[in-house]
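Structure first, commentary second.
These figures come from a predicted structure and were not determined experimentally.
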Amino acid sequence: MMNVKNLFGHPVGLALAVTSGIIYTICYVGVLIWPRQAMNILNDWFHTVDFSQISVQPPFSAISFLRGLVEIMVFAYLTGIIFVVVYNSCVDHCKKYGWIKK
């Protein structure tokens, strides 16, 4: 058996938010440099949707970048908090039944 500890919401949420912000920034730069390849990747990820049929090339602006960055980081932070609550509940449940050490 392994000794499992509970997680804390803020550090996990913050780590996920920062990681998402980094990934979002890399993706944004990738789309600026290689828009066609980015569309191909998106099509690969969503198997039955051809995004090139509905794509409109919006002008890139600092405002749209920052708005998207804030949105993804808030979403990721909240996802991290929810993950911690669920994870800690699962750990407590498993400890209660002796499946993992306290």
Side-chain angles (χ1 to χ4, degrees):
M1 290 192 171
M2 62 182 183
N3 189 3
V4 178
K5 296 181 180 180
N6 286 358
L7 298 173
F8 298 98
H10 178 67
V12 171
L14 187 58
L16 189 56
V18 170
T19 301
S20 296
I22 292 168
I23 298 294
Y24 178 84
T25 302
I26 291 168
C27 180
Y28 191 88
V29 170
V31 169
L32 285 174
I33 297 171
W34 303 290
R36 186 72 219 151
Q37 292 81 351
M39 183 63 63
N40 290 339
I41 290 170
L42 187 62
N43 286 335
D44 290 342
W45 288 0
F46 295 91
H47 311 290
T48 60
V49 179
D50 181 2
F51 286 96
S52 65
Q53 299 299 314
I54 59 174
S55 174
V56 177
Q57 291 295 328
F60 289 100
S61 70
I63 296 297
S64 68
F65 169 75
L66 291 174
R67 186 176 59 236
L69 180 64
V70 168
E71 291 167 353
I72 196 72
M73 291 181 75
V74 168
F75 177 79
Y77 182 82
L78 294 174
T79 301
I81 297 293
I82 293 167
F83 171 80
V84 166
V85 169
V86 172
Y87 175 86
N88 287 341
S89 295
C90 292
V91 167
D92 292 343
H93 172 79
C94 290
K95 285 179 180 179
K96 177 181 170 184
Y97 288 99
W99 298 335
I100 57 177
K101 291 182 181 180
K102 293 183 179 195

Report whether Leu78 and Val70 are members of the same hydrophobic cluster (ILVMFWY, side-chain heavy atoms less than 4.5 Å apart, transitive linking). yes
Heavy-atom pair of closest approach, residues Tyr77 and Gly13: CD1-C, 3.3 Å
What is the minimum heavy-atom distance between Ser61 and Tyr28, and which atoms define it? O-OH, 3.3 Å
Between Val84 and Leu7 the two heavy atoms that sit nearest each other are CG1-O, 3.5 Å
Let me check something: do Val91 and Val86 share a hydrophobic cluster, defined by ILVMFWY side-chain heavy atoms less than 4.5 Å apart, either directly or through other members? no
Specify the closest pair of heavy atoms between Ala76 and Ser20, including all atoms of both residues, with the distance to one decimal. CB-OG, 3.2 Å
Check whether more than 12 heavy atoms from other residues, nucleotides or ligands sit under 6.0 Å from atom CD1 of Ile33, and answer yes or no. yes
Got a second to check how far Ile72's CD1 is from Thr19's OG1, nearest 0.5 Å? 12.0 Å
In this structure, CZ of Phe83 is separated from CG of Asn88 (nearest 0.5 Å) by 9.0 Å
Sub-3.5 Å donor-acceptor pair from the side chain of Asp50 to the main-chain atoms of Asn43, do we have one? no
Mind checking the NE2-CD1 spacing from His93 to Ile100? Nearest 0.5 Å is all I need. 10.0 Å
Same apolar cluster (I L V M F W Y, side chains within < 4.5 Å links), Met39/Ile41: yes
Does atom CZ of Phe60 have more than 12 heavy-atom neighbours, drawn from other residues, nucleotides or ligands, at distances under 6.0 Å? yes
Is there a path from Ile82 to Leu14 through hydrophobic residues (I, L, V, M, F, W, Y) whose side chains come within less than 4.5 Å of each other? no
Rounded distance (nearest 0.5 Å) linking atom CE of Met73 with atom CD1 of Ile22: 8.0 Å
Would you say Val49 ends up clustered with Leu42 if hydrophobic residues are merged whenever their side chains have heavy atoms under 4.5 Å apart, either directly or through other cluster members? yes
CG-SG distance between Asn6 and Cys90, expressed to the nearest 0.5 angstrom: 10.5 Å
Here the pair of heavy atoms bringing Ala38 nearest to Val31 is CB-CG2, 3.6 Å
Exceeds 12 heavy-atom contacts within 6.0 angstrom, atom CZ of Phe51: yes
